[in-house]
Each structure stands twice: as C-alpha cells, then as structure tokens.
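Below is one structure, written out as structure tokens; comments come after it.
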Amino acid sequence: MFDKVLIANRGEIALRIHRACKDMGISTVAVHSTADSNAMHVRLADETVCIGPPAAVQSYLNAPAIISAAIVSGADAIHPGYGFLSENSQFAQMIEAHNLAFIGPSAEHISIMGDKVSAKKAVQDAGIPVVPGSDGAVESVEDGLAAAQQIGYPVIVKASGGGGGKGMKIAYTAEELRAAIPIAKSEAAVNFGNDVIYLEKYLQKPRHIEVQILADKFGSVVHLNERDCSLQRKHQKVLEEAPAPGLSEAERARIGKLCCDAVAKIGYHNAGTLEFLYEGGEFYFIEMNTRIQVEHPVTEMICGIDLVRESIRIAAGEAISFKQKNVRVNGHAIECRICAEHPETFVPSPGQIKSFHVPGGIGVRMDSALYAGYDVPPYYDSLAAKLIVHGSTREECLSRLRRALSELVIDGIDTTIPLHQALVENADIIAGEYDIHWLEKFVA
Amino acid sequence: MFDKVLIANRGEIALRIHRACKDMGISTVAVHSTADSNAMHVRLADETVCIGPPAAVQSYLNAPAIISAAIVSGADAIHPGYGFLSENSQFAQMIEAHNLAFIGPSAEHISIMGDKVSAKKAVQDAGIPVVPGSDGAVESVEDGLAAAQQIGYPVIVKASGGGGGKGMKIAYTAEELRAAIPIAKSEAAVNFGNDVIYLEKYLQKPRHIEVQILADKFGSVVHLNERDCSLQRKHQKVLEEAPAPGLSEAERARIGKLCCDAVAKIGYHNAGTLEFLYEGGEFYFIEMNTRIQVEHPVTEMICGIDLVRESIRIAAGEAISFKQKNVRVNGHAIECRICAEHPETFVPSPGQIKSFHVPGGIGVRMDSALYAGYDVPPYYDSLAAKLIVHGSTREECLSRLRRALSELVIDGIDTTIPLHQALVENADIIAGEYDIHWLEKFVA
Amino acid sequence: MGDFKVDSKLVRKLANLLDETGLGEVEYESNGERIRVVRPSSAPVRQQAPAPEPSIGVGGPGNMAENIAAEPAASDKPHPGTLTSPMVGTVYLSPSPDDPAFVTPGDTVTAGQTVMLVEAMKTFNDIKAVKAGRIVSILVESGQPIEYGEPLAIIE
Amino acid sequence: MGDFKVDSKLVRKLANLLDETGLGEVEYESNGERIRVVRPSSAPVRQQAPAPEPSIGVGGPGNMAENIAAEPAASDKPHPGTLTSPMVGTVYLSPSPDDPAFVTPGDTVTAGQTVMLVEAMKTFNDIKAVKAGRIVSILVESGQPIEYGEPLAIIE
C-alpha cells in the first residue's frame with residue numbers, strides 16, 4: 001500500500017480523497033493554488049504544497065508543478081479526483097514516467113475512452129449496445145430510407161461536420177425522412193462546408209443511467225449497480241439517485257453483467273462508469289468516464305462500499321476487497337449537488353460563508369469542503385456541497401432528504417438549496433417519473 | 001401510524017426522535033422548559049409548547065404538564081426518550097389513561113424491570129443467566145462456605161441493607177471467607193442496623209455487554225446483536241462499540257437467542273436492552289433498560305436498521321419491519337459521547353458555542369443538538385454530541401474515528417474531545433482489551 | 001440620591017478610551033468615588049421590533065436556516081403587571097360557556113380574585129390576580145391553548 | 001463627581017500592558033485610589049508574532065480545531081524586494097555542489113542576473129533578480145524543497 005498520496009484536486013473531492021487516505025492510514029499531500037491556502041483539505045492534509053496562482057491552468061492543470069510537488073514531498077501516488085487532469089492521458093503517462101503511481105486506469109484506456117469514436121467502437125466490440133445508426137454516411141434518400149427501416153423510427157439526421165445541435169432533423173415517418181434528407185444535406189453544406197450526413201435512432205424521452213464498475217489488475221471486474229442521473233441542467237447533473245427508479249431486477253442484472261464482461265474484455269482497471277441513455281427497456285452507450293464521479297456516494301450508500309478506497313487499493317496492485325456475489329443493494333440513496341449559485345438564475349455566488357450547519361442523524365452524509373468563515377473563491381466550479389441521504393425505501397429517502405434540507409444552513413452566499421427543496425416536493429420526482437429533459441423544463 | 005408525536009425530552013435524543021418522526025412523515029411537538037426555547041429540536045419541531053421553568057422537576061419531569069401539552073396540541077403519542085420520565089411506569093399509565101400512546105413498553109413491564117429484585121427474578125425465570133449467589137441470607141460461616149463451594153471463588157460478601165459498595169468483602173479462598181463473614185456481619189450491623197449478609201460470585205475484570213432487542217405486539221422478537229459498553233467513568237458510559245471485540249460468533253448467537261426467548265416469554269414489547277457482565281465466556285444479567293439507549297446508534301450503524309423508527313412502529317401497533325434472518329452485521333461501529341465537561345477534571349462546562357464544525361464524509365454520523373451560537377444551559381446533563389463512526393473493519397473504524405475527531409470543532413466550552421482523541425490512540429483500546437475498570441484507571 | 005451628579009463628560013471620555021484601547025471595561029476609584037464603564041462583549045444591535053408573542057400551534061418554522069436567520073428578538077421587558085400562565089393547558093375566561101366572563105377590561109380586581117380558569121388534565125385551575133388593580137387588557141381568547149409563562153392579562 | 005480626574009495616560013499604559021502580557025484584566029489599588037481595566041475575552045489579541053513562513057514538508061496540523069483556532073495571522077506585508085519562487089521544486093544556491101554560491105548576502109546584483117536555480121521535473125530553471133540591488137538576505141538553503149510563491153531572497 002502507498003505511504004503517501006498527493007491529491008491533485010481541490011474542493012469536496014480533494015477532501016473526499018484525503019478522508020479515504022486517512023481512513024486507510026495513508027499520509028496526504030495537498031497541492032493548492034494561492035487562492036486555496038485556507039481550503040479545508042489543505043488545513044487537514046499532512047503536508048501542503050502551493051503549486052501556483054489561482055488560474056487553474058497555472059495550478060490544478062499544471063502537470064509539471066503537480067509532479068514536482070509529488071517529487072519534493074516524496075509521495076508514492078497521485079489521485080487526480082474528477083475534472084482538471086483526471087482524464088488527461090499524458091498526465092497519467094508523465095506520472096508513470098516519474099515512477100509514481102497514477103490512481104486511475106492506464107493512460108491507454110484513458111486515451112481510448114477520451115475520444116467518442118474510439119470509445120464507442122471499443123465498447124461495441126466488447127458487446128455493449130450503442131445508439132443504432134446508419135453505417136457511415138447516407139448518400140441518398142433511398143440510402144436513408146433503407147437505414148431508417150433497419151434502425152426503426154423516429155430517426156435523427158445529423159451532419160458529420162456538425163455539433164451543438166445545429167443541422168439536426170428529426171423524422172418520425174418515412175415521409176418526413178424523405179423530406180428531411182435533402183434539406184439536411186444542403187444545410188450541412190452551407191453551415192459546415194461539408195454535406196455528409198448520417199442517421200441515428202432518435203431517443204425521445206431517455207433517462208441517463210450509468211453503471212459503476214471496479215476492475216483490478218488481476219482481471220476481476222465487479223459492477224456496483226446503476227445510478228439515475230437524468231436530472232440535468234445544461235449537461236450538469238443536479239440530483240442523482242440509486243437504484244434507478246423503474247428499472248427491473250432483470251434489467252439491472254443484465255446491464256451490470258454486460259458492463260463487467262466488456263470491461264474485462266477491454267482490460268480496463270480501476271474505477272469507471274459506463275453512461276447510457278435508457279429508453280423503452282433498451283440501453284444505449286454514451287461514454288465511459290475513466291475516473292471517480294461526483295455522484296459516486298449514492299452507490300457507496302446503497303452498497304456499503306468505499307469506492308475511493310477501492311480505487312486506491314487497485315492502483316496499489318491489490319485485489320478488489322469483495323466479490324460480485326457480496327454486493328447487496330440496501331435501500332435507496334439520493335445526492336443533491338448544492339452549488340454556490342442563485343437558485344433561479346444560476347449566477348455563481350462566490351463569497352464568505354457566514355454560517356454553516358450540516359444536517360445530522362441516521363442516514364445523512366455530507367461531503368463538503370465548506371466551513372464557517374471560508375471564502376468560496378471565484379476561480380473554480382460552483383459545487384459547494386453534496387448532501388447524500390440514504391433510506392430503507394425511496395419514500396423514506398425522500399422524507400429524510402426533506403428533513404435534512406430543512407436542517408442545512410449555508411449563509412453568506414446564494415446556493416441551490418431552494419431548488420432542491422422544490423425538487424423533493426415535486427410530484428414527478430416523488431413518482432420517479434422524469435427523463436433527461438425534465439429539469440430543463442422545470443427550471444425554465 | 002401516528003399523525004403527531006410529542007417528544008417528552010430535550011437535547012440530542014429529542015432531536016433524534018424528531019428526525020425519526022420527520023423521516024416517517026409524522027408531525028412533531030417539542031415540549032421544552034424556558035431554558036430550552038432556542039434548542040435545536042424546538043427550532044425544528046412543527047409545534048412547540050413551553051411546559052415550565054428550567055428545573056427539570058417542573059418541566060421535563062412534570063408529567064401533568066407534558067400530558068396537557070399533548071392534549072392541547074392534539075398529539076397521538078408521546079416518545080419519552082431516555083432519562084427523565086422514560087422509565088416511569090406511572091407516566092406510561094397516565095398517558096394510556098388519556099387515550100394517548102406511550103412509545104415504549106407497557107407500564108407493567110417498566111415496573112417489573114425498574115426494580116432490581118423483580119427484574120432479576122423475571123429474567124431468571126425466563127432462562128437468562130444471572131450472577132450466582134447464596135440463596136438468600138448467609139446465617140453462619142458454614143452456610144457461607146457451603147454457598148461459596150457452589151458458586152465458586154472468588155465471592156463477594158454483601159450486606160442486604162447496604163449499598164454503594166459499603167460493607168462489601170471479597171474472598172478468594174475458603175480461608176479468606178471464613179475470616180470475612182463475621183467481620184461483614186458486624187460491619188453490616190453497625191452501618192445498616194441489620195446484620196443480614198449474602199454471597200455473590202465476584203467478577204474480577206468483566207466487560208459490560210448488552211443485547212439490543214425489539215419486540216412487537218404480535219409476539220415477534222428479534223435481537224440486533226450486542227454492544228460493548230465497558231468504557232465507563234462513574235457508571236457513565238463514555239465510548240461504546242459493536243460488535244463487542246473478542247466475542248465469538250457462537251457466543252453472540254447464543255446470548256442473542258437467549259434474550260429473544262426470554263423477552264418473548266415475559267411478553268415484553270418495544271425496544272429494550274438486556275445488560276450483562278461478561279467474564280470467562282459467561283454472561284451475567286445486570287438489568288434491563290426498557291427504553292431507547294444513548295448508544296443505540298452503534299447498533300443502527302452495523303445493522304442498517306432505524307431503532308427509533310421501529311419503536312414508533314411497534315407502539316403504533318405495526319409489526320417489526322424485518323425478520324431475525326434479515327439482520328446482518330456489516331462492519332464495525334464506535335460511538336464517542338462528547339460531553340460539555342473539562343476533559344481531565346470532568347467539571348461541567350455550560351456556555352455559548354462559538355464555533356461548531358462537524359466531521360463529514362463516508363461512515364460518519366453526528367447526533368448532536370449543538371449549533372454555532374447555541375447556549376448550553378447549566379441545568380441538564382452534559383452530553384453535547386455523539387460522534388458515531390462506521391468502518392468495514394474495527395481497524396478501519398478506529399482510523400476513521402481518528403480522522404473524524406480531527407475534523408470536529410466545538411469551541412466556546414470545554415468538551416471531552418481530547419479524552420476521546422487519547423482513547424483512540426491507546427494500545428489497549430486499539431487491541432480491544434479493556435474491562436469495566438479500565439477507564440477509571442486511565443483517567444485517574 | 002438627591003445630589004448625585006453624574007459627570008457625562010467623564011463617561012464619554014472613558015467610553016472613548018475603551019474604543020481607543022480596545023478594552024472591555026474600566027473601573028476607577030478615587031477619594032471614595034468610583035466609576036465603572038463596560039462595553040458589552042458582543043455589542044448587540046438594539047432590537048426595536050416587539051417580541052412576537054408565543055403561541056401554541058403556530059409552531060417553529062421547522063427550518064434551521066429561517067430560525068438562525070430569525071434569531072429571536074430580544075424580548076421587550078414584559079409589562080410589570082402581566083399575569084402569566086403557571087401551566088400548560090386551555091384557558092377559559094368564564095366559568096362556563098353560558099356565564100359571563102370573570103373580568104373584562106376596565107374592571108377593578110382585588111388580590112386573589114379569580115380572573116380566568118386553566119384546564120389541565122381535566123381539572124380546572126383558578127388563575128388569580130396576584131395584586132389588586134385594574135384590568136388593562138385580556139391577552140387570550142376563551143378556549144385557547146396556552147403554554148407555560150404565556151401572558152394572559154395586564155393588571156395595573 | 002465634580003473633581004474626578006481620570007488619568008488617560010494610565011489607562012493607555014495599562015491597555016498596552018495587557019497587550020504585552022496577554023492578560024485579560026488588571027486591577028490596581030493604592031492610597032484609596034483604584035483602577036481596573038479589562039480586555040473583552042473575544043477581542044483578538046493583536047498578533048505580534050511574525051507569520052510563519054510556508055514550508056513544504058512541515059504540513060498542516062491535520063486538525064480543524066487547531067486550524068480554526070489558529071486562523072492564519074494576517075501576514076505582514078512582504079518586503080517589496082522579496083524574490084519569490086515561480087514554481088514548485090528544489091532550490092539550489094550554486095550551479096553544482098562544488099561551485100560557490102551564485103550570490104551571498106551583501107553582493108550587488110544586476111537585473112536579470114541568476115541568483116539561484118530551481119529544479120523541477122529534472123530541469124534546472126534560472127531564478128533571476130527582477131531588478132538591480134543588494135542581496136540583503138537569502139531565505140532558503142541549497143537543496144531545500146520550495147513551493148510556488150515561497151520567498152527566496154530579499155534584494156534592496
């Protein structure tokens with residue numbers, strides 16, 4: 001096992017990693033920008049190294065500075081957390097080149113999964129379902145009709161050179177597709193200087209469901225069931241839960257098994273998440289995250305397994321501490337991401353925390369690097385606290401979450417607490433009936 | 001199920017009950033003395049009723065005032081917590097007489113278990129082992145020697161009229177007993193005006209081990225394993241853990257089964273705890289507590305069961321929500337009782353909390369009614385916070401506890417945090433090797 | 001204290017000295033005269049809003065944030081003639097619904113005269129005027145639940 | 001209190017004594033005269049000790065309580081001629097262990113003159129004087145790990 005781990009991150013995830021290390025008896029080195037000298041994980045770490053000025057590009061994204069800090073502090077390993085350099089394969093490579101351990105997968109796997117095309121190909125070859133589409137470019141209306149016949153309606157016409165939703169056309173019938181293809185081609189030509197188009201199945205009201213896996217260097221792979229992260233605003237997850245409402249035991253077991261088999265085939269190791277869109281009983285792969293995720297605690301709460309500890313163990317060359325058959329889902333868990341933002345306008349709200357009171361008691365967990373008197377700096381992302389609540393049933397979990405939100409106090413800055421208070425009282429949320437578009441409409 | 005529960009207590013247990021009620025969707029009524037108008041559970045409760053001045057005898061021990069408050073607020077049931085009126089059978093009786101539900105056992109069972117002699121007889125008749133002793137008074141030296149032969153040395157000679165350790169003599173051999181009996185008789189006569197003496201087995205280094213049970217009104221009884229509460233100072237528990245270190249699976253199963261059978265035979269219902277001294281592989285009954293206990297969270301953490309919820313369910317006439325076979329022990333839990341006392345002199349330290357920061361993250365639970373700015377009143381007991389930590393092993397639990405204690409801040413008053421910090425670093429505690437006398441020596 | 005002269009200038013001077021030096025208290029004795037000035041430790045903002053009256057059934061807002069924000073206003077001193085409830089229960093202003101009230105504002109009462117009843121645990125308890133005086137106002141309604149210490153009436 | 005004279009200088013003197021000694025209260029009585037000055041308990045004692053210099057390897061105390069209690073002292077303004085490290089690494093005062101130091105206190109340097117090296121990721125980076133002046137002091141030792149922004153030398 002490592003003696004000393006350098007935490008190459010900030011905020012709540014840096015504290016999360018610090019806590020996991022201390023719980024395992026490992027010393028910690030906190031690296032930080034000048035803006036984070038008083039951050040909680042810096043205060044608590046065994047050693048601290050200032051690596052640069054506030055701008056992330058000169059500090060938390062400054063790979064040479066972080067590796068120098070690891071060398072001068074004598075750390076064995078570097079945990080990248082999420083964001084920043086966590087999915088940068090060169091960073092992983094540099095770390096290995098300096099005979100340090102990177103707490104994550106191999107640089108090669110980061111690289112494969114970092115590219116949408118290679119990721120999709122890799123998992124598809126390993127048996128994971130992806131969104132069905134035309135096999136490459138659609139040359140003509142007849143080509144398109146034939147492909148759509150195979151895929152099943154509705155379909156979406158996309159421009160190869162496009163992005164950001166531009167030039168997309170949805171067709172529910174052959175008639176509509178016949179009309180859409182010529183228009184899409186000319187729009188693509190005008191907008192992207194390239195008239196190549198292709199077809200994909202159009203998912204109308206999918207849910208975002210993701211499967212947590214752990215894989216060690218001995219070829220053992222386990223899945224820890226799924227999370228539903230459909231509640232998103234501008235592609236940012238807001239509230240996550242596990243198990244996913246409305247997923248049957250059979251579906252849960254099937255996708256879990258598929259993911260384990262694929263990950264084993266790919267030869268991936270460490271923690272990872274396969275993200276899917278889920279509609280009509282089918283899963284469609286979106287991407288694989290090759291790092292610990294913000295929402296990992298909901299899985300920890302229902303499985304009773306410390307994911308950060310396991311990721312450190314795996315990186316240190318140890319086996320996963322349990323078998324698939326020992327993974328039992330117990331109850332239900334929900335995480336609220338509480339951001340330093342206005343709850344309606346979502347304008348970021350850095351500033352000093354005047355008072356901070358966290359909810360307590362049974363089934364309540366708070367992952368937050370805030371404390372009374374702390375200044376939330378304006379330079380980084382706005383995630384201020386994760387309130388994670390567990391209950392024996394989803395209903396109890398929601399009641400407990402309402403209760404916990406009523407106990408929580410973060411004064412001095414705007415936060416999204418009122419948004420979460422509204423969500424837990426909403427009939428659709430209570431019923432578990434929402435898709436990836438629900439929240440955008442709710443906050444509109 | 002009840003619609004509205006009145007909480008007839010204060011401090012952390014009042015908040016614990018409030019939280020359980022809110023988690024179940026039940027409204028709460030907080031009754032409080034004038035000294036507790038700003039208490040956290042009063043601030044959070046749906047309704048509040050001031051029932052008297054600071055002195056407990058006029059407020060929290062004032063049964064008529066509490067019942068009046070239940071009537072005027074329209075509560076269905078009263079939860080007594082621990083201490084105060086929780087083991088007062090007349091209070092339970094008055095509540096029933098006013099057509100309210102008492103969240104606890106029947107007045108009859110409170111009464112039986114409230115008297116040491118009737119309690120011992122009741123459980124012994126139901127098959128629970130008690131400390132062996134002479135069958136009644138020892139008239140002569142010969143009587144005593146014969147009894148001791150049966151009991152086994154060492155034995156302790158006690159005065160029937162005595163108490164508080166006075167007039168007790170320990171004899172390790174027949175020789176010593178021969179000398180002790182006449183002296184004990186004359187001392188008893190002089191001290192208590194009554195020379196009746198009796199013998200009991202003398203336990204030298206016992207551990208305090210207690211078994212948590214739940215029994216519903218349909219005759220179902222389950223045990224939730226044991227807690228080790230040997231670390232006591234002046235008969236006050238200081239740190240408790242579950243499972244008890246050094247107890248084998250077989251012993252655990254045996255005593256659990258014995259307790260369930262006895263409780264079923266006695267016809268007891270609701271939550272209860274059978275307390276034992278444990279030495280040389282044998283359990284000896286001390287007393288039964290007919291209420292929720294301060295240390296109940298360690299059991300909740302290893303079993304994943306909400307004991308307060310179950311006690312409310314049982315009182316409302318529902319069945320226990322699980323079966324014995326569903327009770328699985330997962331990992332290890334430790335509770336630190338943090339008191340508003342000087343950590344060395346144990347002088348109480350009421351006063352204003354200047355800053356309050358609770359530890360967070362995985363496996364950490366805080367049950368405390370403190371908040372920054374709160375004034376700890378001087379009128380009641382000094383328990384300020386319970387820090388409960390869970391880990392997958394006892395070792396991990398201790399590491400996590402060290403980490404959590406390093407994150408905890410309670411400023412403005414003296415607390416026993418430094419005592420707990422010393423305990424978790426102590427070799428005997430780390431080894432799990434301690435008995436009921438250990439802490440008295442440690443703090444001496 | 002006929003000729004007790006307070007030297008305001010001296011008090012101001014000492015107050016300024018406290019400010020200047022950051023001290024909390026100065027006590028000075030000289031020739032049998034003594035002065036002591038103290039700056040309150042937390043310098044509370046003077047609370048102008050009247051204290052809300054306690055009332056059963058309204059309940060706490062059930063929210064720590066609101067509560068912490070709305071730190072209870074420093075209660076104005078209660079009127080010296082306030083009669084408060086010695087117990088939790090239900091207050092009645094007359095012996096029975098058909099009877100007239102024991103007292104109405106403007107009435108003169110003698111010490112020990114019953115002015116209301118409080119029912120607690122099915123017994124009716126007389127609430128008596130602690131001193132003679134005139135009923136200025138009745139602060140509760142008949143049949144209303146009341147808590148310990150709740151103001152019932154003002155007698156001058 | 002017509003002729004009550006307060007000795008402001010005495011109050012100030014005692015206030016300074018409280019500061020200096022860290023006491024909370026002084027009471028003094030002499031020839032029927034008495035003075036008592038008290039510092040409020042929560043008033044921060046003016047921090048006289050210099051801010052501790054950051055240093056790699058010393059690390060945080062690993063304890064929120066100590067940290068919150070020991071709120072970082074308002075750092076004295078750094079000397080305007082302080083040369084700070086532009087990167088994390090290991091500092092060297094000479095080109096190699098056998099060579100003499102680039103500079104020693106008392107030396108005069110020109111702007112752009114190399115005064116030390118910082119090794120980071122196996123490359124050696126020149127640390128140059130940003131302006132001409134005299135080396136007042138060298139604040140680090142050769143071979144010492146340094147963090148970003150750590151003071152290296154003072155040039156006047």
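Please read all numbers here as calculations on a predicted model, not as lab measurements. A, B, ... follow the sequence lines: proteins, then strands. Residue 1 opens every chain.
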(request) Residue by residue, scan residues 294-302 of chain A and write down, ordered by number, those that have a heavy-atom distance under 4.5 Å to chain B; if none do, write 'none'. (result)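 Against chain B, the residues of residues 294-302 of chain A that fall inside the cut-off (heavy atoms, under 4.5 Å) are A:Glu300.
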
(request) Can you check whether anything in residues 384-397 of chain A gets within less than 4.5 Å of chain B, heavy-atom wise, and list it by number? (result) A:Ser392, A:Glu396

(message) Could you work out, with salt bridge (Lys or Arg N to Asp or Glu O under 4.0 Å) as the rule, every residue matching A:Arg403, not counting sequence neighbours?
(response) A:Glu407, B:Asp23

(request) State which residues pass salt bridge (Lys or Arg N to Asp or Glu O under 4.0 Å) with B:Arg402; sequence neighbours excluded, sorted by chain then number. (result) B:Glu425

(message) Heavy-atom pairs under 4.5 Å with chain A - which of B:Glu12, B:His18, B:Lys22, B:Arg19 has more of them than the others?
(response)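 Counting heavy-atom pairs under 4.5 Å, the top option is B:Arg19.
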
(request) Could you have a look at B:Leu15, B:Val358, B:Asp306 and say which one has the most heavy-atom pairs with chain A under 4.5 angstrom? (result) B:Asp306

(request) Please determine, among A:Ile362, A:Asp367, A:Val308, A:Asn330, the option with the most heavy-atom pairs under 4.5 Å with chain B. (result) A:Ile362

Please look at [X] and chain B and tell me whether the side chain, the backbone, both or neither of the residue comes under 4.5 angstrom of a heavy atom of that chain.
| X | answer |
| --- | --- |
| A:Ile305 | backbone |
| A:Arg16 | side chain |
| A:Leu370 | backbone |

(message) Do A:Arg328 and B:Arg328 make a side-chain contact, defined as non-hydrogen atoms from C-beta onward lying under 4.5 Å apart?
(response)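 Yes, at least one pair of side-chain atoms sits under 4.5 Å.
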
(request) Please examine the side chains of A:Met40 and B:His357, heavy atoms only from C-beta on, and report whether any two atoms are closer than 4.5 Å. (result)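 With C-beta onward as the side chain, the pair touches.
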
